[in-house]
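Since this is a predicted model, take the numbers as computed values, not measurements. Throughout, a chain's letter reflects where its sequence line sits, starting with A, and its residues are numbered from 1.
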Number of protein chains: 2
Amino acid sequence: MAEQSEPTRRAPLSRDRVLRTAVARADAAGIGSISMRGLAQELGVVPMALYKHVANKDELLDGMVDLVIEEFDPPADGLDWKAGVRSRVLSARRAVLRHPWARLAIESRTRRTPTVLGYMDSLAGAFRGGGFSAHLTHHVMHALGNRIWGFTPELFDEPRGDDALPPTAEEQEAMAREFAQRYPHILEIAMAATDGDLSGVGGGCDEQFEFEFALDLLLDGFERLQRQGWVRRPG
Amino acid sequence: MAEQSEPTRRAPLSRDRVLRTAVARADAAGIGSISMRGLAQELGVVPMALYKHVANKDELLDGMVDLVIEEFDPPADGLDWKAGVRSRVLSARRAVLRHPWARLAIESRTRRTPTVLGYMDSLAGAFRGGGFSAHLTHHVMHALGNRIWGFTPELFDEPRGDDALPPTAEEQEAMAREFAQRYPHILEIAMAATDGDLSGVGGGCDEQFEFEFALDLLLDGFERLQRQGWVRRPG
DNA sequence: ACCTGAACACCGTTCAAGT
DNA sequence: ACCTGAACACCGTTCAAGT
């Protein structure tokens, strides 16, 4: 009706605008909502127009991840290696938590963009500056693994219950009984973590605590190796 | 020309046959080659026929991952918790290495099938049997993270160079020079890991060693916590 | 020289129509 | 009652044709 195409209204496209729109869209509707066609429509352009700014969909995703990495806080001054690495990784975690799609996007990317390399280089530099040998630095970076991006795989998380209605109390009890038979240890550790509250079997632990638990365990291990004068392949 | 449709020839479909065909296809051509339509064609049936055996594509992928988990060796007798967990995780790793697509598939799955839960329960049981409290068991499972499946994220791996031709010696030197300027620490630790051989910047380290380095570091840390009588949230 | 409509070769999944 | 062809609502990407 009153609606009509108004081509003059649309802001000029740029790589930055494409990427920021994609990030906002993924923030709001998940990574599954990112398609070249859908994004083009949101930007009021023909799909093909995006290819002027990103080579293909993979590069779009790489660029989105780069934007998240650029949100990481710059390294703070005056910290030793351990406090420095810890604070940087926790800063990465805050950024990744702001963009829930980023975890899977980071895991599935294989290209190492300059932004990715820059962050990894700077973290490696923190270890080197703390007196770690190049060898030991290499191994501890691998040991941290994806934790450098601020996340641990969500081992116990439930499937996001989008569609399923919550079970009735009876169903819940029957499920719990069968679960207790088949997976007694999982039930036990899930109850330990949630003080007995089992709304959604296995879910609901304090993920932030688990992340810091593992991070500190690793950092303490690294410290011990370095103090012991670790060289090459021991044993 | 002699070719003709021979519907009587095709073996009867079953969930198992669908899943095993999908695994073989993914082994040969990667996870990207898995589509309901392509798989149906390989099985000589109409796409819709698959939906009799798997509810949808997600369930297909879950079933494929289950088949990989079923390849894990059963727990060995007579090992203490540490040797037991170590050998089971290394067995998981061997299975996952046999199916290169499994790593990404496992990371992207959110559903916990009975097979997945059974493996996790049995690993948790190993810690409990070794005298770990339910709380500590919960935290160490999270600390292991995806390492329970036998892989660490491939932090430094290069993009699989399918398309790009190998660079000339000159190009390689120019790239190396720029890389050394921008990412000195990555260069340093990459050279440390490969004894100076840099064919493909950052690649080619001993992934198996890195995996065991991190695994043992974690297991040692767990042992120390347990011996110290770790309770709830220290500090 | 620049831009893009239409096309290509796919997807996962639904559902009505046919046997 | 069982099965499936055709359709629906999408994809990423190419490329020739139009301005």
**OP:** Establish, yes or no, whether a centroid distance under 6.0 Å links the rings of A/Phe151 and A/Phe211.
**Re:** no
**OP:** Could you please name the partner base of D/dG12, counting Watson-Crick and G-U wobble pairs only when both distances are under 3.5 Å?
**Re:** C/dC8
Subject >> Protein-nucleotide distance (A/Arg37, atom CZ; D/dT13, atom P), rounded to Å >> reply: 11 Å
**OP:** Check every atom of C/dT13, D/dT4, D/dT13 against the side chain of B/Tyr51 and return the nucleotide holding the closest atom.
**Re:** C/dT13
**OP:** Say whether B/Thr113 and B/Asp62, considering side chains only, have a donor N or O and an acceptor N or O under 3.5 Å apart.
**Re:** no
**OP:** Could you check how far CG of B/Leu39 sits from P of C/dC11, rounded to whole Å?
**Re:** 11 Å
**OP:** Over 60° means perpendicular and under 30° means parallel, so classify the ring planes of A/His138 and A/His142, tilted if in between.
**Re:** perpendicular
**OP:** Taking atom CD of A/Gln41 as the centre, report whether more than 12 heavy atoms of other residues, nucleotides or ligands fall under 6.0 Å from it.
**Re:** no
Subject >> Whole angstrom value for the distance that separates P of C/dG12 from CD1 of B/Ile34 >> reply: 10 Å
**OP:** For nucleotides C/dG12 and D/dT14, find the distance between their C1' atoms and express it as a whole number of Å.
**Re:** 23 Å
Original post:
Taking the P atom of each, how far is C/dA9 from D/dA9, in whole Å?
Top reply: 23 Å
Subject >> Length of the CE-C1' vector between B/Met36 and C/dT14, whole Å >> reply: 13 Å
Original post:
Which nucleotide, in any strand shown, forms a Watson-Crick or G-U wobble pair with D/dC2, with both distances under 3.5 Å?
Top reply: C/dG18
Original post:
For DNA chain D, whose closest nucleotide is more 5', that of A/Gly38 or that of A/Met48?
Top reply: A/Gly38
Original post:
Could you state the NZ-P distance from B/Lys57 to D/dC10, rounded to the nearest angstrom?
Top reply: 18 Å
